[in-house]
Amino acid sequence: MNIQTTLLFVSFIATVILGSIVVPILKKKKIGQVVRDDGPKSHLQKNGTPIMGGIVIILVVTTILGFFVKDYPILVLPMIAIFGYGLIGFLDDFKKLILKDPEGMSPKMKMAGLFIVTAILIGLYLFVFNMGTSIIIPLFNQPISLGLIVFIIFTAFILLGTTNAVNLTDGLDGLATGVVAIIMTFFTLEALRQQNYEMVVFCSSVVGACIGFLLFNMHPAKVFMGDTGSLALGGAVAITAIILKMPLYLAIVALVCIVDTISVMLQVIYFKATKGKRLFKMAPFHHHLELSGYKETTVVLIFWVVTIICCIVAYLI
């Protein structure tokens, strides 16, 4: 059995076991979802569903990486990404759900935390691991080198943009979990093609953890990952793309996340420009589809299939 299959299986089993322990604890502690009453009415039944389940994914993946980091020091980067961004999400969830503050972390504090993690990752990438400033251009498969300042700004945009995009996509049972599992499967194959076995270890571990988490997160979800999990997985996707020199490929493989993010931006702009009118029935876009008559499971399936197609296209070009 090859390393990627072994790690996928190990992380899957570990997630299922740990999830079976953590989910009942979250339920007992009544750390549950509070559903907005202006959304799809079918979501009201989700009230009280345990949240912060992303802790399970973070613990499983970082523990596995801990066994390999001595041989593969570059794994420090994804460890910091998944733990650091996940910590920001955890603090936000903790304030909302444990301290009962509906506002959670202030936007300024949250962004400050995300910027700190981003700065640490970029600093280590450039000045400790000396990974350079090159990125691969889709279609041409040739790396080009960016200027240092341009690379720093671009990489910060990728890290912050991807973490928030995955966070916005996490709105339906199994949606973000499945999308990330598909994207990280693509990156596992790319890491194998590049013979980058360090990232094979990371990517396959994340895929296994996501599939294991889906057993609890599929409709009807027994647990939600919360910002704890969505920010951690967004960070995982972003740092993987950067280490493999493939951040531009996110425009293809993460298309559904980009659509959801753009829909939120357009909704805000249109709302302000028209003094209260809405461009979409609800943003992000997956909620618009629900309110347009699509079942939740159908929307999730559509997003998964689109992501699979996008990943196939990205792998072939």
- Between L248 and I136 the two heavy atoms that sit nearest each other are CD1-O, 4.0 Å
- Message: If the condition is side chain to side chain contact (heavy atoms under 4.5 Å, CB included), which residues does L168 pass it with, not counting sequence neighbours?
- Response: T261, V264, P284
- Query: Counting N and O atoms only, with roles assigned by atom type, does the side chain of D170 sit under 3.5 Å from a partner on the main chain of S230, one being a donor and the other an acceptor?
  - Reply: no
- Have a look at Y85 and tell me which of T162, T118, T163 forms a side chain to side chain donor-acceptor pair (under 3.5 Å) with it. T118
- Single-linkage hydrophobic cluster M111~M265, side-chain heavy atoms < 4.5 angstrom: no
- Query: Is it true that a side-chain atom of H219 and a backbone atom of D173 form a donor plus acceptor pair closer than 3.5 Å?
  - Reply: no
- Message: Quick check: is F271 connected to I262 through a chain of hydrophobic side chains (ILVMFWY, heavy atoms under 4.5 Å apart)?
- Response: no
- Message: Strictly distance-based, threshold 3.5 Å: is any side-chain N or O of D227 a donor or acceptor partner for the main-chain N or O of N167?
- Response: no
- Side chain of Q267, backbone of F280: donor and acceptor closer than 3.5 Å? yes
- Item | Nearest heavy-atom neighbours spanning A251 and I258 | CA-CD1, 3.6 Å
- Task: Assess whether side-chain contact (heavy atoms from CB on, under 4.5 Å) is satisfied between I122 and L159, documenting all intermediate values.
- Result: CA-CA 9 Å; I122 294 174; L159 287 165; 4.0 Å; yes
- Item | Contacts of type side chain to side chain donor-acceptor pair (under 3.5 Å), residue T133, not counting sequence neighbours | S145
- Set of residues satisfying side chain to side chain donor-acceptor pair (under 3.5 Å) with respect to T185, sequence neighbours excluded: none
- If you link I, L, V, M, F, W and Y whenever their side-chain heavy atoms are under 4.5 Å apart, who else ends up in the same group as I153? I149
- Task: Give a yes or no answer on whether the side chain of S292 reaches the backbone of H288 with a donor-acceptor pair at less than 3.5 Å.
- Result: yes
- Looking only at heavy atoms, the pair that brings W304 and M218 closest together is CH2-SD, 3.5 Å
- Query: Looking only at atom types and distance, does a side-chain atom of N164 sit under 3.5 Å from a main-chain N or O of L160, one as donor and one as acceptor?
  - Reply: yes
- For K245, all residues meeting side chain to side chain donor-acceptor pair (under 3.5 Å), sequence neighbours excluded: Y125
- Query: Which residue pairs pass the salt bridge (Lys or Arg N to Asp or Glu O under 4.0 Å) test with at least one member in residues 246-262, sequence neighbours excluded?
  - Reply: none
